[in-house]
Novice: 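This is the structure, below, for whatever I ask next.
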Number of protein chains: 2
Amino acid sequence: MQKSEPPLENPEVPAARSRGRPRAFNRDMALAQATRLFWTKGYEATSIADLTQAMGIGSPSLYAAFGSKEALYAEALRYYGGQYEHLVWGGFLVAPTARAAVHALLMDSAKVLPGCTADMPRGCMVTLSAVGCEGHAELGELVQGARAVTLHRLLARIERAVSEGEISASIDTHGLARFVQTIQSGMSILARDGASRAELEDVAATAMLGWDARTRTMADR
Amino acid sequence: MQKSEPPLENPEVPAARSRGRPRAFNRDMALAQATRLFWTKGYEATSIADLTQAMGIGSPSLYAAFGSKEALYAEALRYYGGQYEHLVWGGFLVAPTARAAVHALLMDSAKVLPGCTADMPRGCMVTLSAVGCEGHAELGELVQGARAVTLHRLLARIERAVSEGEISASIDTHGLARFVQTIQSGMSILARDGASRAELEDVAATAMLGWDARTRTMADR
DNA sequence: CTATTTATGTATCAATCGATACATAAAGGA
DNA sequence: TCCTTTATGTATCGATTGATACATAAATAG
């Protein structure tokens, strides 16, 4: 179904240049362009013609390099994760407490989602793919799975906080994770509609008030 | 560009039956089907063939009755508002305080967004149209405007609460409205991914803790 | 140099897209 | 009953969709 990352030889070795005619385009550059298009317009609304034009190649080259439109979208989704995920999850992963982690996640989201770079689309590509993948079951499951990762990370971090005594064991960890996920998902929608970084930071701050009240319920932490 | 609701004669009079061959399908039924399709799959992913099949009519009848795919979507959006809006905004509009209004909005959203009826799509049609309307400028502005209505209503209600003394005048009303909007938008994403009513109600409850903490800041209400 | 391998550009595939032309069917007005 | 009006069904429009066939160009291996 998918190549699942071929043997993956030692990347330090330039891999002994292949034989035939060399590719006239940079695969990563092309993938970056495709990612931008899918991110901005969604899967259905992005045509092969759009893609080939943005990449500056012909359709045979696209199919030779990526296989199909669906496969290209899947690869774009991976590329998106590799390129942009750390902007939002970097602080979360290294924070010493669950509260600091969630605070970092929401504040970083507020910074990134409105499009921190000039040519960076607004909102999260994964979140905004919630609709429009109907009729493409595989892609639907793919993006739904990508969104599930958010909940899983939040839940794992909160449960760790419970085990470490940061948060009372009487807390509904799942509910708390769902709350944070809701905030972050909603921020993508607002960002796509033009909300500013300051506005989203304000939302994040209010959300943290909810977090504090919630984690105080029935325990003083 | 658009018919903008023709003269609209007195609806109480059956309007003296028209002359020619009567329509073989119920226009409202057909519009309901179209709304369901657009709601579920989005604008781009829904084809004319999908629509005519679901409505049980031929394409000429569709174009005679609705004009174009874009016009049909616009009408579906209006139909959606008329049919489902009160489920979410009914309690909000009659609540005596801003807090009660927001609480009602979020709790009703938690009830409706997971699909309260069996054949009711999950999530809000307007919210989930955030992406996929690129290249269709008119529709993009239409749904973006529809989403702006949410913020406007929230802001108006909160400002009224300030003027009535329910909420301190030192509160950032816009920020508070943005917070509630974020929660409700995020709930649509979670609902589309399968979140249950109980989960969303829990999210709403936590959001209200944020509301309470936020409205208490610098004033005791 | 020749042979092999790989990528490109052109040109096009069948299928589907949104949208109509046209003749026919079914109603009311005369 | 005939005429006008409106809606339907069939059949199809040009454009675009995702995806390829094919000949050619450009590289390496021998």
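Lettering of chains follows the sequences in order, A, B, ..., and the numbering in each one begins at 1.
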Novice: Judged by modelled atom types alone, do A:Arg36 and A:Gln33 share a side-chain donor-acceptor pair under 3.5 Å?
Specialist: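 Checked: A:Arg36/A:Gln33 side chains show no N/O donor-acceptor pair below 3.5 Å.
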
Novice: D:dG9 C1' sits how many Å from B:Arg21 CZ, rounded?
Specialist: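 It works out to 8 Å between those atoms.
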
Novice: Output yes when at least one side-chain N/O atom of B:Ser61 is less than 4.0 Å from OP1 or OP2 of D:dT8, else no.
Specialist: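 Looking at the OP1 and OP2 atoms of D:dT8, one of them is under 4.0 Å from a side-chain N or O of B:Ser61.
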
Novice: Under 4.0 angstrom, heavy atoms only, what part of the nucleic acid is A:Thr52 near: base, sugar-phosphate, or nothing?
Specialist: nothing

Novice: Pick the nucleotide of DNA chain D nearest each of B:Ala24 and A:Glu70; which residue has the one closer to the 5' end?
Specialist: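 By nearest-heavy-atom nucleotide position, the 5'-most residue is B:Ala24.
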
Novice: For A:Pro60 and for B:Ser47, find the nucleotide of DNA chain C with the closest heavy atom, then tell me which residue's nucleotide is more 5'.
Specialist: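 Taking each residue's closest nucleotide, the earlier one in sequence belongs to A:Pro60.
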
Novice: Which is more 5' along DNA chain C, the nucleotide nearest B:Gly20 or the one nearest B:Ser68? Just name the residue.
Specialist: B:Ser68

Novice: Could you check whether A:Ser109 and A:Gln184, counting side-chain N and O atoms only, form a donor-acceptor pair closer than 3.5 Å?
Specialist: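 On atom types as modelled, these side chains qualify, holding a pair under 3.5 Å.
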
Novice: Could you tell me whether the side chain of B:Ser59 has a donor or acceptor atom within less than 3.5 Å of a complementary atom in the base of C:dT20?
Specialist: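 Checked by distance alone, the answer is yes.
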
Novice: In whole angstroms, how far is the C1' atom of D:dA26 from the CZ atom of A:Phe25?
Specialist: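 Going from CZ in A:Phe25 over to C1' in D:dA26 covers 15 Å.
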
Novice: To the nearest Å, how far apart are A:Phe66 CZ and D:dA19 P?
Specialist: 14 Å

Novice: Round to a whole Å and report the spacing from OH of A:Tyr63 to C1' of C:dT8.
Specialist: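 Distance, rounded to whole Å: 16 Å.
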
Novice: Pick the nucleotide of DNA chain D nearest each of B:Pro22 and A:Asp50; which residue has the one closer to the 5' end?
Specialist: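 Counting from the 5' end, the first nearest nucleotide belongs to B:Pro22.
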
Novice: With respect to the side chain of B:Ile48, which nucleotide from D:dG9, C:dT8, C:dG18 is positioned closest?
Specialist: C:dG18

Novice: Check the angle between the aromatic planes of B:Phe92 and B:Trp89 and answer parallel, tilted or perpendicular using the 30° and 60° thresholds.
Specialist: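 The rings of B:Phe92 and B:Trp89 stand perpendicular, inter-plane angle above 60°.
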
Novice: How many Å lie between NZ on A:Lys69 and C1' on D:dT20, as a whole number?
Specialist: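 Distance, rounded to whole Å: 17 Å.
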
Novice: Report the relative orientation of the aromatic rings in B:Tyr73 and B:Tyr43; use parallel for angles under 30°, tilted for 30 to 60°, perpendicular for over 60°.
Specialist: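 It falls in the perpendicular class, over 60°.
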
Novice: Taking atom types as they are modelled, is there a donor-acceptor pair under 3.5 Å from the base of D:dT28 to the side chain of A:Arg19?
Specialist: yes

Novice: Under a 4.0 Å threshold between the charged nitrogen and the carboxylate oxygen, would A:Glu138 count as salt-bridged to A:Lys69?
Specialist: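 Looking at A:Glu138 together with A:Lys69, the answer is no, because their closest N to O distance does not fall below 4.0 Å.
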
Novice: Between C:dA19 atom P and B:Leu51 atom CG, what is the distance in whole Å?
Specialist: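 Value for this atom pair: 11 Å.
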
